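The next block holds one structure in the form of structure tokens; read it before the comments.
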Protein chains: 2
Amino acid sequence: MKITEYNETKIQVALDCIIFGFDQEQLKLLLIKRDFEPEKGKWSLMGGFLKAKESLDEAAVRVLHSLTGLSHVYMEQLSAFGGVNRDPVERTVSIAYYALINIQEHNHELSNDFGAKWFDVEDLPHLIFDHMDMVQEAISRLRYKASVKPVGFELLPEKFTMRQLQKLYEAIHGRKIDKRNFVKKINSMDLLIKQNEKDKNSSKKGSFLYKFDKTKYNRKSENGFTFGI
Amino acid sequence: MKITEYNETKIQVALDCIIFGFDQEQLKLLLIKRDFEPEKGKWSLMGGFLKAKESLDEAAVRVLHSLTGLSHVYMEQLSAFGGVNRDPVERTVSIAYYALINIQEHNHELSNDFGAKWFDVEDLPHLIFDHMDMVQEAISRLRYKASVKPVGFELLPEKFTMRQLQKLYEAIHGRKIDKRNFVKKINSMDLLIKQNEKDKNSSKKGSFLYKFDKTKYNRKSENGFTFGI
DNA sequence: TTCATAAATGTATTTATTACATTTATTTTC
DNA sequence: GAAAATAAATGTAATAAATACATTTATGAA
């Protein structure tokens, strides 16, 4: 840190948010249509600039809130993107964050005013600047994170079926999972609370709903348990 | 990105390098004694400021080179640190990088002029600012990375013994490993080339030297193989 | 009552991980 | 030159985890 004397080179610092959602079938990304130049009309991640009196984490929360109305959302820093010409207007370093949101429970907050739209991660439009690199890195981080921490539940409603949970993991990892083995694995962690209710949307028989037991997870974590899927 | 109009808030962007080494027994960190205020005389990571015409990656390489003389070193971005008061002099966002260097083969390049010193990661001095947070995150990233990519070899000389490799992994993960199981695991990946030479420094019998076969690793990776230890 | 549909469930096989002790090659010492 | 000392090299059995795979069950609709 600061080996040489005071240095006047200051740079614009931006934040970009990769917002993941899950619609029961596919992993989705929330994108916004830019309404100003350059690249006006092109799809973009949600972004904004860092202010002098806020931390990066605070700024990311603010940017997400100001562009979507969402708050109390799982968010984590991905990394910094600092190619010299990544923003054609001016040298900008951008700190990318990813957020996991539960589409069904937050969709009402998500006003349409901003021209935001959900896209299937498998079928994204062209994105401005280096946003596609950010998205790639975010997917790969999400894959890792979801396999070692129970962050997947952030993408599901509070109550969900085993099949929804399985579909979520299939979407995150981009591959099919055997349902008997999946259920066995989930049950062996003993972290879900089976509800006395069924979801009858997808079958006549109906399938039981479960909740993630966060308290139990925290207790187990303290005792050396690690989530793994 | 840039949702609001042009924004004049510019911020100092710094880089800090967490430099790991391995001395055959312990994981080490290269630290420097600050020779200017604030915190003059305190131990610090190697750092510098981002210049207008260089990318973050380029800047990290430059900073490392200018403070240690080292180049062609494994380096990767960790993440950005942006607490409002992390630097008491001026608002600064710092992008942390970690580097893996092979102490024995690079020690001659590492001139003493800078007051740099290797410290055992288990026994670090007090560090300035949020540098200890950076170090913690770097250790945890290194643990992950070394378990899924063959980056550990960056910390060893070109030729090394099985026992040195094992000690390295023990140091990275901070726990003992059974030597028979370790050798079995390593051999099962079939990535080392056994040399017709022995290292007799540590025993009368001597132990065979090995090289990591990078070409073979690349070939295998392309065919879906993933390093795992 | 039958049909259609997705839900729920179990076992055997293979693979990976763990635990654990003896023999071997060489140098040093007597 | 024999004995002692030292770390290297090596294998097997037990346990745990991952995988492959098919049938029965509950329910609503026809």
Side-chain angles (χ1 to χ4, degrees), chain A residues 23-25 143-144 146-148 156-157 159-211 220 223-229, chain B residues 24-25 143 146-148 156-157 159-211 220 223-229:
Chain A
D23 72 349
Q24 314 295 295
E25 284 296 331
R143 281 182 180 159
Y144 167 62
S147 71
V148 299
L156 291 174
K159 295 175 185 176
F160 49 85
T161 67
M162 278 288 181
R163 201 47 44 87
Q164 288 169 336
L165 184 60
Q166 183 184 341
K167 288 232 150 123
L168 170 66
Y169 274 90
E170 289 180 338
I172 290 174
H173 291 110
R175 59 178 153 75
K176 284 275 168 210
I177 302 172
D178 177 88
K179 55 185 168 177
R180 284 162 292 185
N181 294 337
F182 183 78
V183 169
K184 202 191 307 175
K185 178 101 199 174
I186 294 292
N187 285 334
S188 76
M189 287 194 281
D190 186 29
L191 289 172
L192 299 190
I193 307 167
K194 190 174 191 168
Q195 306 301 112
N196 273 328
E197 297 170 68
K198 285 182 160 189
D199 169 7
K200 296 217 166 181
N201 292 317
S202 60
S203 76
K204 291 157 188 171
K205 184 177 177 179
S207 63
F208 280 104
L209 289 163
Y210 293 82
K211 282 186 181 176
K220 290 186 121 186
N223 298 323
F225 167 85
T226 45
F227 183 92
I229 210 170
Chain B
Q24 315 295 296
E25 284 296 330
R143 280 182 180 161
S147 71
V148 299
L156 292 174
K159 296 176 184 175
F160 49 84
T161 67
M162 279 288 181
R163 199 48 45 86
Q164 287 170 336
L165 185 60
Q166 182 184 340
K167 287 233 152 122
L168 170 65
Y169 274 89
E170 289 180 337
I172 289 174
H173 291 110
R175 59 180 153 74
K176 283 275 168 211
I177 303 172
D178 177 89
K179 56 186 170 175
R180 283 161 294 183
N181 294 337
F182 182 78
V183 169
K184 202 191 308 174
K185 179 102 199 173
I186 294 292
N187 285 334
S188 77
M189 289 196 279
D190 187 28
L191 289 173
L192 298 190
I193 308 167
K194 190 173 190 168
Q195 306 302 114
N196 272 327
E197 298 171 68
K198 285 183 160 189
D199 170 7
K200 295 215 166 181
N201 292 317
S202 61
S203 76
K204 291 156 187 171
K205 185 177 176 180
S207 63
F208 280 104
L209 289 163
Y210 293 82
K211 281 185 183 179
K220 291 187 122 187
N223 298 324
F225 167 84
T226 45
F227 183 92
I229 210 170

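Just the heavy atoms: all of them, side chains too, but no hydrogens, waters or symmetry mates, feed the values below. First the proteins, then the strands, lettered A, B, ... as listed; each starts at 1. The structure presented is a predicted model; accordingly, all values stated were derived computationally and were not measured.
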So do A/I229 and A/Y169 actually touch side chain to side chain, heavy atoms under 4.5 Å?
yes
Spatial distance of atom CG (B/L165) from atom CG (B/L192) [nearest 0.5 Å]
6.5 Å
Can you give one letter per nucleotide of nucleotides 21-30 of chain C, 5' to 3': B if a protein heavy atom sits under 4.0 Å from the base, S if only from the sugar-phosphate, - if neither?
B--BBBB---
Could you state the atom-to-atom distance from CG of B/D178 to C1' of D/dA13 in whole Å?
14 Å
Here the gap from A/Q195 atom CD to A/F160 atom CZ, rounded to the nearest 0.5 Å, amounts to 9.0 Å
Mind calculating the distance between CG (A/L165) and P (C/dA8) to the nearest angstrom?
13 Å
Listed by chain and number, what are the salt bridge (charged side-chain N to carboxylate O under 4.0 Å, His left out) partners of A/K220, not counting sequence neighbours?
none
Rounding to a whole Å, what distance do you find between B/K176:NZ and C/dT18:P?
17 Å
Scan residues 181-196 of chain B against DNA chain D and write down, sorted by residue number, each residue with any heavy atom closer than 4.0 Å; if none is found, say none.
B/K184
Is the shortest side-chain heavy-atom distance between B/Q164 and B/D199 below 4.5 Å?
yes
Between C1' of C/dA6 and CZ of A/R163, the distance in whole Å
8 Å
Please report, rounded to the nearest Å, how far the P atom of C/dA6 is from the CD atom of A/Q166.
14 Å
In the structure I gave you, are the side-chain heavy atoms of B/E170 and B/R175 within less than 4.5 Å of one another anywhere?
no
In whole angstroms, how far is the P atom of C/dC20 from the CD1 atom of B/I177?
17 Å
For the side chain of A/K211 and the backbone of A/K194, is there at least one donor-acceptor N/O pair under 3.5 Å apart?
no
Are the side chains of B/I186 and B/Q166 in touch, meaning some heavy atoms are under 4.5 Å apart?
no
Length of the CZ-P vector between B/F208 and D/dT10, whole Å
8 Å
Going by the rule salt bridge (charged side-chain N to carboxylate O under 4.0 Å, His left out), which residues pair with A/K200 if we only count those two or more places apart in sequence or in a different chain?
none
Could you tell me which residues satisfy salt bridge (charged side-chain N to carboxylate O under 4.0 Å, His left out) with B/R180, sequence neighbours excluded, listed by chain and number?
B/D178
Any A/L191 side-chain heavy atom under 4.5 Å of A/F225 side chain:
yes
Could I get a table of every N or O pair under 3.5 Å where one atom is in the protein and the other is in nucleotides 1-3 of chain D?
none

Under 4.0 angstrom between A/S202 side-chain N/O and C/dA7 OP1 or OP2
yes
Rounded to whole Å, the CG-P distance (B/N201 to D/dA8) equals 11 Å
